Each structure stands twice: as structure tokens, then as C-alpha cells.
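Notes for the one structure printed next.
Since we're looking at a predicted model, the values are computed, not measured. Note on naming: letters A, B, ... go to the chains in the order of the sequence lines (proteins, then strands), and numbering restarts at 1 for each one.
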2 protein chains.
Amino acid sequence: MTETAGVGRDPEAVSRFVEHFAAQLVEAGLQRMPARVFAALLASDSGILTSAELGEQLQISPAAVSGAVRYLAQVHMVSREREPGSRRERYRVHSNQWYEALTNRNAIIKRWEDALREGVVGLGADTPAGSRLAETLAFFEFMEGEIEAMMERWRVHRDKTFGQA
Amino acid sequence: MTETAGVGRDPEAVSRFVEHFAAQLVEAGLQRMPARVFAALLASDSGILTSAELGEQLQISPAAVSGAVRYLAQVHMVSREREPGSRRERYRVHSNQWYEALTNRNAIIKRWEDALREGVVGLGADTPAGSRLAETLAFFEFMEGEIEAMMERWRVHRDKTFGQA
DNA sequence: CGCTTCCTTCAGAAATTTGTGAAGTTAAGG
DNA sequence: CCTTAACTTCACAAATTTCTGAAGGAAGCG
């Protein structure tokens with residue numbers, strides 16, 4: 001049995017994982033198509049799939065693939081590569097791309113912090129509401145630094161467990 | 001000017017913060033009404049508002065308040081209190097309720113982990129895809145423990161900065 | 001024990017989001 | 001250059017979500 005990349009192995013098992021995991025991502029706030037595309041990439045052996053492969057495996061139109069990938073690239077959850085000497089585009093997920101995704105999450109928290117800072121000023125730092133906002137702000141600022149350190153510890157831990165990347 | 005609790009101070013500034021912060025929460029995946037209700041509570045002096053106050057301040061129907069609060073209570077972002085001897089219900093936010101919200105986030109990650117574990121088995125731990133899933137799984141498991149420790153450090157840091165709770 | 005107040009549930013209208021087909025654009029290959 | 005393969009953009013139909021008004025309880029208060 002020759003295998004068209006990505007749908008080799010047990011298509012049943014792959015699909016089961018892709019849909020299940022994508023559903024969890026959706027529940028966490030991701031849109032359906034980006035979630036499915038991302039899960040499909042995670043579940044592929046090479047970590048790389050072309051637009052056509054994604055469309056076929058997930059039964060969606062090229063337009064849907066395009067939209068999903070644009071979003072995923074924007075938030076750094078996949079990278080796009082131009083296969084040299086071909087008009088096929090390849091989309092790749094790195095197993096450590098989660099850091100990027102988290103970093104992106106950080107950008108969201110940064111905007112929360114901005115809103116909170118404005119709130120503290122607007123409501124008055126000396127009011128009960130203002131000080132609640134200030135404490136909330138302090139929490140996020142604390143988290144920011146911690147996450148940085150945490151990532152570093154993870155890298156060490158991973159290298160010990162899985163061998164250097 | 002006597003003040004109906006919650007809309008004292010500068011209603012302009014309050015509203016500006018509420019809508020701005022709520023918008024950020026929405027962008028992070030929260031639904032609009034829960035986001036607005038939560039922001040309104042955060043911005044109130046007592047951290048407590050009644051259903052009527054929320055409805056008036058946010059210009060939404062009692063039904064909308066009800067729905068929003070039900071959701072927020074479910075994910076532990078607010079608690080509901082029955083004002084004794086009254087049919088008014090009061091909704092409260094604790095400034096440290098973010099931990100709860102994060103803990104709730106943890107529940108989501110737990111389900112990610114479940115899906116990943118199944119994926120590792122389904123695709124085969126010895127396949128490239130399987131090992132990618134396994135590494136991803138390890139990352140989340142690592143995070144879980146770290147977050148626990150981080151919260152503890154935050155509590156210490158907060159007590160030093162803000163005085164005991 | 002009935003009245004009143006407040007909250008909830010529910011059906012449906014309105015708005016938003018989602019995914020598609022079709023047309024458009026870019027770039028490889030003859 | 002022209003052709004053709006591949007991705008993208010766009011307008012729209014369908015599905016979903018969101019919020020409301022109205023009806024339906026529960027619980028204090030007289």
C-alpha cells in the first residue's frame with residue numbers, strides 16, 4: 001500500500017485524534033477550522049502537510065484551508081514554507097511551537113494589563129475598586145516574569161528527558 | 001447626590017474601563033455578556049453588585065444578567081450570595097479569584113492531556129507523530145506542576161507587597 | 001395565604017460567524 | 001509569452017450564537 005503523505009498509518013486513529021483534540025481546542029476558544037488544521041499537523045509524521053493534503057484529510061475547501069492557515073501563521077502556531085521550485089505551499093508545526101503560542105497569549109495579557117492600568121488611573125488608585133484593579137495588575141505582571149523563567153526550566157527538563165533538540 | 005451603589009464615582013470612567021477591559025476578555029475567548037458583567041464587578045468598589053445594578057449599568061435585560069452570571073459562577077469567576085432576608089441576589093468577585101479562573105483553565109489543559117495520551121496510543125508511541133504528541137504532553141504535564149508552585153510564590157509576593165489578605 | 005418582587009427559563013428575532021463556490025492573482029514550466 | 005497549477009479573496013447562503021420580551025416560578029412580607 002503506497003501512502004499519500006499524511007494519511008498513511010491508520011486513518012481511523014488519526015482522524016479520531018484530530019477531531020477529538022480539535023474539539024478541546026475549540027472549547028478553549030480557538031475557531032473550528034484552525035483547530036482542526038493544527039491538530040492534523042500535530043498528528044502528521046513529518047509535521048508538514050500541504051494545502052491539498054489538509055483539504056482532503058479534513059474534507060474542507062481550499063478556501064477554508066487558506067483561512068485557517070492564515071490565522072495559525074498569524075499567531076505563530078504554524079509556519080509556512082514555500083517548497084522551492086513548486087507552487088505548493090507547505091505548512092509546518094514544530095513540537096515546541098507551543099511556546100510561541102503561549103508567547104502570543106502573553107500579548108493578550110499585555111493588553112489586559114494596559115486596560116487595568118488605565119482603570120487604576122480612571123477610578124483612582126486610592127479607591128477600593130482601584131486597588132482591586134492594581135492587585136490584579138500586579139498578579140499579571142508577576143506571572144509574566146514567572147512564565148519566562150518557567151520556559152527556561154522546561155527547556156532544561158526537556159533536553160534531559162528527550163535529548164537535545 | 002445620593003449614590004445607588006456601584007454607579008457612584010465617575011460613571012464615565014467606570015464605563016470606559018468596563019467596556020475596554022471586557023473587549024479584551026472577549027478577544028481572549030470569553031463571551032460578551034459574561035465579560036461585561038465580570039468587568040463591571042471588578043470595577044465596583046465593594047466587589048459586589050446585584051442583578052438589578054448590573055442590568056442598569058450595562059443596559060441589558062435581566063435575562064442577559066442571569067445567563068452571564070450562571071456562566072461566570074460555573075467557571076468560578078464570581079460567587080453568588082443570597083442576601084439574607086431578601087430576594088435580591090448579590091454577585092461577588094474576589095480580587096484573587098483569578099486563581100480560580102486559572103485553575104479552571106487547568107481543567108481544560110487536563111482534557112488536552114487526555115486527548116494527547118489517547119493520540120500517543122492510537123498513533124503509536126514509536127512513530128514520529130506519536131513522539132511529537134508525547135513531547136507536547138510532557139510539556140503540559142510540566143506546566144501543571146510549575147503553575148502550582150508559581151501560585152504559591154505569588155501568594156508570598158502579594159502578602160509582602162499588599163499586606164496579608 | 002395572597003401579593004409583590006425578583007430571578008429564571010424559553011421561544012424567537014436579530015446579528016454574527018462560518019464555510020463554500022467562483023473569480024482573481026501569482027508564479028512555475030513549457 | 002502562454003498555460004496551468006496552486007493559493008487567495010470575495011460575496012453569499014447556511015448555521016450558529018446572542019439577546020430580548022414574555023411567561024413562569026420561588027420567596028419574602030403583610
Inset, instruction - Please list, chain by chain and in numerical order, all residues satisfying ring pair (Phe, Tyr, Trp, His ring centres under 6.0 Å) with B:His94, sequence neighbours excluded. - result: none

Legend entry - Qualifying residues under salt bridge (Lys or Arg N to Asp or Glu O under 4.0 Å), relative to A:Glu141, sequence neighbours excluded: A:Arg117

Legend entry - 5' to 3' contact window, DNA chain D with chain A (heavy-atom distance under 4.0 Å): D:dA5 to D:dT9

Inset, instruction - Could you check how far CD of B:Glu81 sits from C1' of C:dC7, rounded to whole Å? - result: 16 Å

Inset, instruction - May I have the distance from A:Arg82 (atom CZ) to C:dT26 (atom P), rounded to whole angstrom? - result: 12 Å

Inset, instruction - Please list, by residue number, the residues of residues 85-92 of chain B whose heavy atoms come closer than 4.0 Å to an atom of DNA chain D; answer none if no residue qualifies. - result: B:Gly85, B:Ser86, B:Arg87

Legend entry - Sequence-aligned protein contact record of nucleotides 11-22 of chain C, with B where the base is within under 4.0 Å of a protein heavy atom and S where only the sugar-phosphate is: -------SSBB-

Inset, instruction - With sequence neighbours excluded, tell me which residues meet side chain to side chain donor-acceptor pair (under 3.5 Å) with B:Glu19. - result: B:Arg36

Legend entry - A:Glu81/A:Arg90 ion pair, N-O < 4.0 Å: yes

Inset, instruction - Name the nucleic acid region contacted by A:Ser66, choosing base, sugar-phosphate or nothing; use a 4.0 angstrom heavy-atom cut-off, strictly under. - result: base

Inset, instruction - Name all residues meeting the side chain to side chain donor-acceptor pair (under 3.5 Å) criterion together with A:Glu144; count only those two or more places apart in sequence or in a different chain, and write none if there are none. - result: A:Lys110

Inset, instruction - Could you list the residues that satisfy side chain to side chain donor-acceptor pair (under 3.5 Å) with B:Arg87, not counting sequence neighbours? - result: none

Inset, instruction - Not counting sequence neighbours, which residues clear side chain to side chain contact (heavy atoms under 4.5 Å, CB included) with A:Ala13? List them please. - result: A:Asp10, A:Arg16, B:Leu123

Inset, instruction - Select base, sugar-phosphate, or nothing to describe what A:Arg80 touches, counting heavy atoms under 4.0 Å on all strands. - result: sugar-phosphate

Inset, instruction - Could you list all the ring-ring contact (aromatic ring centres under 6.0 Å, His included) pairs where at least one residue sits in residues 31-56 of chain B, not counting sequence neighbours? - result: B:Phe38-B:Trp98

Inset, instruction - Keeping to residues at least two apart or across chains, list the ring-ring contact (aromatic ring centres under 6.0 Å, His included) pairs with something in residues 49-86 of chain A. - result: none

Legend entry - side chain to side chain donor-acceptor pair (under 3.5 Å) against B:Arg32, all qualifying residues, sequence neighbours excluded: none

